Amino acid sequence: IVIHALKKTPDEFNAMMASDDMPEFAKAMAEGQTPAKCLKSWNPLPYGNADTFVCLWEASNPSDIAATLGDEMLEYITCNPMQVDEIDWAQMAASVS
């Protein structure tokens with residue numbers, strides 16, 4: 001998980017995310033052409049949180065995430081990965097008799 005802090009304004013960040021390059025970036029990740037893959041992102045900006053963007057990444061090591069983002073995108077956001085364990089609440093609930 002990475003809670004990316006914005007380095008630029010939300011408007012600048014949103015403009016970068018809406019650029020024509022993003023679909024190609026997504027395609028490269030989906031096809032395994034990048035060192036890491038962003039599986040999901042959650043955008044809290046429309047809901048009043050103007051300083052973070054949250055992503056679930058799949059990577060062999062944390063430096064692969066920054067390498068995938070590249071210098072241009074890292075001008076807009078920080079990248080401090082946090083390794084986490086997943087809790088599957090539905091699976092836990094199903095284990096109760």
Side-chain angles (χ1 to χ4, degrees):
I1 299 281
V2 180
I3 301 172
H4 299 283
L6 300 188
K7 294 180 177 179
K8 301 205 178 210
T9 68
D11 288 341
E12 290 172 308
F13 176 76
N14 284 331
M16 182 267 301
M17 290 297 290
S19 77
D20 293 339
D21 295 336
M22 284 300 113
E24 288 299 322
F25 179 60
K27 183 178 179 185
M29 287 191 294
E31 293 178 351
Q33 298 173 7
T34 58
K37 183 187 297 186
C38 186
L39 302 174
K40 296 278 183 181
S41 293
W42 294 271
N43 182 2
L45 299 176
Y47 306 99
N49 182 334
D51 22 34
T52 57
F53 190 78
V54 182
C55 296
L56 173 62
W57 285 89
E58 180 178 85
S60 296
N61 60 66
S63 63
D64 288 346
I65 298 169
T68 297
L69 289 170
D71 292 338
E72 184 177 333
M73 196 172 290
L74 289 174
E75 290 180 20
Y76 289 83
I77 57 174
T78 62
C79 182
N80 299 305
M82 175 177 40
Q83 191 168 357
V84 297
D85 290 332
E86 180 179 349
I87 298 170
D88 186 330
W89 293 98
Q91 181 181 22
M92 189 182 301
S95 71
V96 178
S97 303

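Quantities reported herein were computed from a predicted structural model and do not represent experimental measurements. Atoms considered below: every heavy atom in the structure, side chains included; atoms not considered: hydrogens, waters and symmetry mates.
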CG of N14 to OG of S19, rounded to nearest 0.5 Å, is 11.5 Å

Do T9 and D11 pair up side chain to side chain, a donor and an acceptor below 3.5 Å, judged on atom types alone? no

So which atom in [X] and which in [Y] form the shortest heavy-atom distance, rounded to 0.1 Å?
X	Y	result
T68	P35	OG1-CD, 3.2 Å
A50	P10	O-CG, 3.5 Å
P23	D20	CD-O, 3.3 Å

Side chains of residues 78-94: which donor-acceptor partners sit under 3.5 Å, not counting sequence neighbours?
from: T78; atom 1: OG1; to: A5; atom 2: N; distance (Å): 2.9
from: D88; atom 1: OD1; to: A90; atom 2: N; distance (Å): 3.1
from: D88; atom 1: OD1; to: Q91; atom 2: N; distance (Å): 2.9

Under a side-chain separation threshold of 4.5 Å, the hydrophobic residues clustered together with W57 are V2, L6, F13, M16, M17, M22, F25, M29, L45, F53, I65, L69, M73, L74, Y76, I77

### Query
Within a radius of less than 6.0 Å around CD of E72, do more than 12 heavy atoms belonging to other residues, nucleotides or ligands occur?
no

